[in-house]
*Asks:* 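Okay, handing you the structure first.
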Amino acid sequence: MSAAPDAKPLKGLFIRTHGCQMNVYDSERIRDVLKPLGYAPVDAPEGADLVVINTCHIREKATEKVYSELGKLKRMKEASGGRMTIAVTGCVAQAEGAEIIRRQPAVDLVLGPQAYHKLPEMIARASRAVGDRLETEFDTVEKFDALPKTRDPDGPTAFVSVQEGCDKFCTFCVVPYTRGAEISRNVDDVVAEVRDLAGKGVREITLLGQNVNAFHGPAPRLEGGEDWTLGQLVRHLARIGGIERIRYTTSHPRDMDDDLIAAHGDTPAMMPFLHLPVQSGSDRILKAMNRGHTADQYRDIIARVRAARADIAIASDFIVGFPGETDADFEATMQLVRDIDYAIAYSFKYSARPGTPAAEMALHVPEDVKDRRLQALQALLRDQQTAFNRAQIGRTIPVLVTGKGRNEGQMHGRSPYLQAVHFDGTEAQLNQLVDLRIVDASLNSLTGELVRVCEPAQ
Ligand code: SAH
Ligand code: SF4
Ligand code: F3S
């Protein structure tokens, strides 16, 4: 497309996102922050004026990926005659910013996850080659205040960050160091963001936080009173016109309070899906991980959630091969998985992270044992996931249509249980809720047939 003669020339912005949904949200906000400066997204780093790598530090592999990617970008930057600006943001930037600049001099800017609102100022400084290239201050409140108040959503679903940072200090995890202390946004700001999104056609929101159910945000200014819990926030957001589906992620078992559990049963917008990571089924390992609960306490929470909403899909994360994990500990994890029966779960081999207490523990588990355990766990989880998906066959369920399929005449969307669903439809159904009868299912998706298009949102 050629620009109108009087239009300002746009600068190409390429953002690569690694890691969790929080980073996906941050990348969108980075785009918003840069828009007033004339940056427009492009699909590839080649030829871009600014490339942002939004990084993840959670496991060693994730971190190493950043350095190999930066090597490639260096060559592209040289090919551009040095015109390309390279910025590294996110959790690796926070954890080892100075190391990044040392290992890859082609990097122009390094900003931690609580400092990316300062990008415009830092780009200006970089172009004059003055000032610091590294910004890793923790000022989450200032960040949220500085971000643009409106957003351009991509379709009918959106992430909304409501809580950041973590005070739990699980012994394996870098997040408390890369994201800082737990901070909740105030309710007024969250409501304003959700209203803005709803006005632009968003129907499903996912509230984000490292421990989103630890949310305790300042109450609305006009109402005052005590901080609100996540349960209160969800009930309030469910009343905003146009918002038909609410999800939240990721939760911690210790913060699963009665009111939030009850909301799953009494708030229709609350989707029947709960991602509640447990990491291990062994009390000994849970203790060494500093998770603050036992396997039976977790079983009890899931039983209460299922009592509030019988069809709820339960998801989790697992780590195998934590230091000192024996065959018996691993078997306790397998037993917990059999007991809970998960809809979906993510499992990882323990990765020692510099600066975390677990990295200093004795009895690291050999790689081949970790591999064997991971394979056994994933085989069980795959069976459960396939069975959960196949259990939808024959049911008619509401699906939010989020995009076009690969083939002509094919559309796809999301079930209430966060499953991907494909069906034969038309583009007119995009962003709408449709009822689909599920006719087939596999490990990763469902196939449906259109029954009816539901009423459009008011
Ligand atoms: N806040 C979330 C999870 C954040 S990290 C929670 O408390 O559950 C996402 C997942 O990465 C974790 O649930 C855990 O399963 C995994 N993870 C974190 N640190 C890890 C490590 N050092 N090695 C392997 N997996 C890890
Ligand atoms: Fe990491 Fe534990 Fe905090 Fe989750 S709760 S982010 S696993 S320290
Ligand atoms: Fe990774 Fe940081 Fe998220 S370490 S998982 S991007 S909070």
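As a basis for the values below, the full set of heavy atoms in this structure was taken, side chains included, without hydrogen atoms, waters or symmetry mates. For this chain, numbers begin at 1 and follow the sequence in order.
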*Asks:* Given 3.5 Å as the limit, does a donor-acceptor pair link the side chain of Arg179 with the main chain of Glu164, or not?
*Replies:* no
*Asks:* Inspect the contact between Asp283 and Lys287 and indicate whether a charged nitrogen and a carboxylate oxygen are less than 4.0 angstrom apart.
*Replies:* no
*Asks:* Kindly determine whether Val212 and Thr250 satisfy side-chain contact (heavy atoms from CB on, under 4.5 Å), including the steps that lead there.
*Replies:* CA-CA 6 Å; Val212 69; Thr250 303; 5.8 Å; no
*Asks:* Working to the nearest 0.5 angstrom, can you tell me the gap between Ile314 CD1 and Asp341 CG?
*Replies:* 10.0 Å
*Asks:* Can you name the nearest heavy-atom pair linking Ser280 to Phe318, along with the distance?
*Replies:* N-CD2, 4.4 Å
*Asks:* Heavy atoms, side chains only, cut-off 4.5 Å: are Val191 and Val194 in contact?
*Replies:* no
*Asks:* Does Lys35, at its NZ atom, have more than 12 non-hydrogen atoms belonging to other residues, nucleotides or ligands within less than 6.0 Å?
*Replies:* no
*Asks:* Has the side chain of Lys200 got a donor or acceptor atom that lies under 3.5 Å from a matching backbone atom of Thr150?
*Replies:* no
*Asks:* Hey, does Val278 have a side-chain heavy atom less than 4.5 Å from the side chain of Pro253?
*Replies:* no
*Asks:* For Met411 and Thr426, run side-chain contact (heavy atoms from CB on, under 4.5 Å): C-alpha distance rounded to whole Å, both residues' side-chain angles, the deciding distance at 0.1 Å, then the answer.
*Replies:* CA-CA 7 Å; Met411 303 297 291; Thr426 67; 5.9 Å; no
*Asks:* For residues Tyr417 and Phe388, establish whether the separation of their ring centroids is below 6.0 Å.
*Replies:* yes
*Asks:* Can you confirm whether Gln210 sits close enough to Pro176 that some side-chain heavy atom of one is under 4.5 Å from a side-chain heavy atom of the other?
*Replies:* no
*Asks:* Whether the side chain of Thr55 engages the backbone of Thr89 through a donor-acceptor N/O pair (distance < 3.5 Å, no angle test) should be reported.
*Replies:* yes
*Asks:* Hey, could you give me the CG/CZ distance between Leu433 and Arg245, rounded to the nearest 0.5 Å?
*Replies:* 5.5 Å
*Asks:* In terms of ring plane angle, is the pair His412 and His422 parallel, tilted or perpendicular, where the classes change at 30° and 60°?
*Replies:* perpendicular
*Asks:* Could you check whether any side-chain heavy atom of Arg353 comes within less than 4.5 Å of a side-chain heavy atom of Cys173, counting everything from C-beta outward?
*Replies:* no
*Asks:* Using every non-hydrogen atom in the two residues, find where Ala95 and Thr178 come nearest and quote the distance to one decimal.
*Replies:* CB-CG2, 4.1 Å
*Asks:* Are Asp196 and Arg151 ion-paired here, with the side-chain N under 4.0 Å from a carboxylate O?
*Replies:* no
*Asks:* Minimum heavy-atom separation for Ala62 and Cys56, please, with both atom names.
*Replies:* CB-O, 3.4 Å
*Asks:* Could you give the distance from CG (Asn23) to OG1 (Thr17), rounded to the nearest 0.5 Å?
*Replies:* 7.0 Å
*Asks:* Going by heavy atoms in the side chains, are Leu274 and Met256 under 4.5 Å from each other?
*Replies:* yes
*Asks:* May I ask you to check whether over 12 heavy atoms, not counting those of Arg299, lie within 6.0 Å of atom CZ?
*Replies:* yes
*Asks:* Taking Gln279 for the side chain and Cys170 for the main chain, is one N or O donor matched with an acceptor at less than 3.5 Å?
*Replies:* no
*Asks:* Taking side chain as C-beta onward, heavy atoms only, is Asn186 less than 4.5 Å from Phe144?
*Replies:* no
*Asks:* For the backbone of Thr171 and the side chain of Asn290, can you confirm whether one donor and one acceptor N or O come within less than 3.5 Å of each other?
*Replies:* no
*Asks:* Within a strict 4.5 Å, meaning less than it, do heavy atoms of the Lys349 and Asp371 side chains meet?
*Replies:* yes
*Asks:* Might you confirm whether atom CG of Asp43 has over 12 heavy atoms from other residues, nucleotides or ligands at distances under 6.0 Å?
*Replies:* no
*Asks:* Would you call Asp259 and Arg235 a salt bridge, taking side-chain N to carboxylate O under 4.0 Å as the test?
*Replies:* yes
*Asks:* Is it true that Asp327 and Arg373 have a side-chain N and a carboxylate O under 4.0 angstrom from each other?
*Replies:* yes
*Asks:* Which donor-acceptor pairs under 3.5 Å do side chains of residues 437-448 form with protein atoms, sequence neighbours excluded?
*Replies:*
unit_1	atom_1	unit_2	atom_2	d
Arg437	NH2	Glu449	OE1	3.4
Ser442	OG	Ser445	O	3.4

*Asks:* If you measure from the Lys or Arg side-chain nitrogens to the Asp or Glu carboxylate oxygens, is any gap between Arg31 and Asp154 under 4.0 Å?
*Replies:* yes
*Asks:* Say you draw a straight line from CZ of Arg291 to CD1 of Ile285; how long is it, rounded to the nearest 0.5 Å?
*Replies:* 13.5 Å
*Asks:* Look at Asp32 together with Arg29 and state whether they make a salt bridge at an N to O cut-off of under 4.0 Å.
*Replies:* yes
*Asks:* Answer yes or no: is there a donor N or O on one side and an acceptor on the other, between the side chain of Asn213 and the main chain of Asp255, under 3.5 Å?
*Replies:* yes
*Asks:* Could you grab the distance from atom CG of Leu207 to atom CD of Glu193, nearest 0.5 Å is fine?
*Replies:* 10.0 Å
*Asks:* Is it the case that the side chain of Asp49 and the backbone of Gly12 share a donor-acceptor pair, with hydrogens and angles ignored and the cut-off at 3.5 Å?
*Replies:* yes
*Asks:* Examine the side chains of Gln385 and Asn389 and answer whether a donor and an acceptor come within less than 3.5 Å of each other.
*Replies:* no
*Asks:* Asp167 and Ala181: which non-hydrogen atoms are nearest, and at how many Å?
*Replies:* OD1-CA, 3.4 Å
*Asks:* Any chance NZ of Lys404 has more than 12 other-residue heavy atoms, nucleotides or ligands included, within less than 6.0 Å?
*Replies:* no
*Asks:* Quick one: which residue pairs count as a ring-ring contact (aromatic ring centres under 6.0 Å, His included) with a foot in residues 165-211, not counting sequence neighbours?
*Replies:* Phe169-Tyr177
*Asks:* State whether a side-chain donor-acceptor pair under 3.5 Å links Ser351 with Glu60.
*Replies:* no
*Asks:* Which distance, rounded to the nearest 0.5 Å, do you find between the CZ of Arg306 and the CD1 of Ile340?
*Replies:* 6.0 Å
*Asks:* Give a yes or no answer on whether the side chain of Gln163 reaches the backbone of Phe215 with a donor-acceptor pair at less than 3.5 Å.
*Replies:* no
*Asks:* If every non-hydrogen atom of Gly321 is compared with every non-hydrogen atom of Tyr350, which pair is closest and at what distance?
*Replies:* O-CB, 3.4 Å
*Asks:* Does the side-chain contact (heavy atoms from CB on, under 4.5 Å) test come out yes or no for Asp227 and Ser184, once each step is laid out?
*Replies:* CA-CA 10 Å; Asp227 287 353; Ser184 299; over 6 Å; no
*Asks:* In terms of relative ring orientation, are Tyr346 and His275 parallel, tilted or perpendicular, with 30° and 60° separating the classes?
*Replies:* tilted
*Asks:* If you take all heavy atoms of Val320 and Glu325, which pair is closest and at what distance?
*Replies:* C-OE1, 3.9 Å
*Asks:* Look only at the side chain of Arg185 and the backbone of Gly217, and say whether a donor-acceptor pair between them is shorter than 3.5 Å.
*Replies:* no
*Asks:* Does any part of the side chain of Tyr248, heavy atoms only, come nearer than 4.5 Å to the side chain of Met270, both counted from C-beta?
*Replies:* yes
*Asks:* Would His57 and Thr63 count as a side-chain hydrogen bond (donor to acceptor under 3.5 Å, both in side chains) if you check the C-alpha gap in whole Å, the side-chain angles of each, and the deciding distance to 0.1 Å?
*Replies:* CA-CA 5 Å; His57 196 48; Thr63 302; 2.9 Å; yes
*Asks:* For atom NZ of Lys149, is the number of surrounding heavy atoms from other residues, nucleotides or ligands below 6.0 Å larger than 12?
*Replies:* yes
*Asks:* Run the numbers on Asp258 and Arg304 for side-chain contact (heavy atoms from CB on, under 4.5 Å), then give the verdict.
*Replies:* CA-CA 9 Å; Asp258 290 343; Arg304 286 192 285 135; 2.8 Å; yes
